[in-house]
Amino acid sequence: ITVPTKPLIRYVDRLHTGDDISKANALGISIHTYRKYRYRENISWVTADKCAVNLGLHPCNIWEDWYLLTETGIVHEPKSF
């Protein structure tokens with residue numbers, strides 16, 4: 001399951017007016033990873049969740065459609081007989 005990266009980058013750009021290092025630190029990721037995310041279309045929902053938590057937020061504060069985005073990829077275990 002992936003979510004779009006743009007909402008995260010927009011949020012961090014609004015929240016932190018500093019350089020890329022301060023933005024990466026706020027997200028709890030390396031500067032290299034932060035710069036990679038700026039050009040990546042999607043990130044995993046697990047990574048998105050971790051970044052949101054590092055900002056002190058629930059992911060739905062960044063991705064308004066978080067539950068819709070993440071519920072569509074749920075894999076249900078087959079029933080045992």
Side-chain angles (χ1 to χ4, degrees):
I1 304 170
T2 62
V3 298
T5 309
K6 285 183 183 179
L8 178 64
I9 299 303
R10 278 195 304 259
Y11 187 90
V12 171
D13 284 347
R14 274 195 316 259
L15 184 68
H16 294 278
T17 56
D19 60 7
D20 286 355
I21 295 172
S22 66
K23 293 174 185 180
N25 287 337
L27 293 170
I29 57 178
S30 71
I31 184 66
H32 172 75
T33 301
Y34 173 75
R35 288 181 175 155
K36 188 169 54 172
Y37 287 175
R38 289 192 69 84
Y39 298 101
R40 186 175 282 179
E41 193 168 323
N42 293 297
I43 56 175
S44 77
W45 74 272
V46 174
T47 300
D49 181 62
K50 288 178 183 178
C51 288
V53 168
N54 286 335
L55 291 170
L57 302 169
H58 187 279
C60 67
N61 296 116
I62 298 172
W63 294 270
E64 293 178 8
D65 52 353
W66 175 256
Y67 294 108
L68 179 63
L69 290 168
T70 57
E71 80 176 15
T72 57
I74 293 175
V75 177
H76 298 280
E77 293 295 322
K79 290 183 180 179
S80 301
F81 294 100

**Student:** Please report the shortest heavy-atom distance between Ser30 and Ala24, naming the atom on each side.
**Tutor:**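 Between these two residues, the closest heavy atoms are O-CB, 3.7 Å.
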
**Student:** Quick one: salt bridge (charged side-chain N to carboxylate O under 4.0 Å, His left out) pairs with a partner in residues 53-70, sequence neighbours left out?
**Tutor:**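 Residue pairs passing salt bridge (charged side-chain N to carboxylate O under 4.0 Å, His left out), neighbours aside: none found.
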
**Student:** Between Leu27 and Tyr37, is there a side-chain heavy-atom distance shorter than 4.5 Å?
**Tutor:**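 Counting from C-beta outward, Tyr37 and Leu27 never come under 4.5 Å.
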
**Student:** Kindly state each residue pair satisfying salt bridge (charged side-chain N to carboxylate O under 4.0 Å, His left out) with at least one member in residues 17-36, sequence neighbours excluded.
**Tutor:**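 For residues 17-36, and leaving out neighbouring residues, the salt bridge (charged side-chain N to carboxylate O under 4.0 Å, His left out) pairs sorted by first residue read Asp13-Lys23, Asp20-Arg35.
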
**Student:** Supply the atom-to-atom distance Leu57 CG to Leu15 CG, rounded to the nearest 0.5 angstrom.
**Tutor:**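 The CG atom of Leu57 sits 8.0 Å away from the CG atom of Leu15.
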
**Student:** Heavy-atom distance under 4.5 Å between the side chains of Val3 and Trp66, does that happen here?
**Tutor:**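 Yes - at least one pair of side-chain heavy atoms lies under 4.5 Å apart.
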
**Student:** In Å and rounded to the nearest 0.5 Å, what is the CD1 to NZ distance from Ile29 to Lys50?
**Tutor:**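 The NZ atom of Lys50 is 12.0 Å from CD1 of Ile29, to the nearest 0.5 Å.
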
**Student:** What's the separation between atom CG in Leu69 and atom OG1 in Thr2, rounded to the nearest 0.5 Å?
**Tutor:**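 The OG1 atom of Thr2 is 8.5 Å from CG of Leu69, to the nearest 0.5 Å.
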
**Student:** To check you understand the geometry: which heavy-atom pair defines the closest contact between Gly28 and Asn54, and what is its length?
**Tutor:**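 Between these two residues, the closest heavy atoms are CA-ND2, 3.6 Å.
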
**Student:** Treating Ile, Leu, Val, Met, Phe, Trp and Tyr as nodes and any side-chain heavy-atom pair under 4.5 angstrom as an edge, say whether Val53 and Ile62 lie in one connected cluster.
**Tutor:**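 They do not share one cluster, since no chain of ILVMFWY contacts under 4.5 Å joins Val53 to Ile62.
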
**Student:** Is there side-chain contact between Val12 and Leu55, with at least one heavy-atom pair below 4.5 Å?
**Tutor:**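 Contact flag for Val12/Leu55 side chains = yes.
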
**Student:** Backbone N or O of Gly18 within a donor-acceptor pair of the His16 side chain at under 3.5 Å?
**Tutor:**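 Between the backbone of Gly18 and the side chain of His16 there is no qualifying donor-acceptor contact (under 3.5 Å).
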
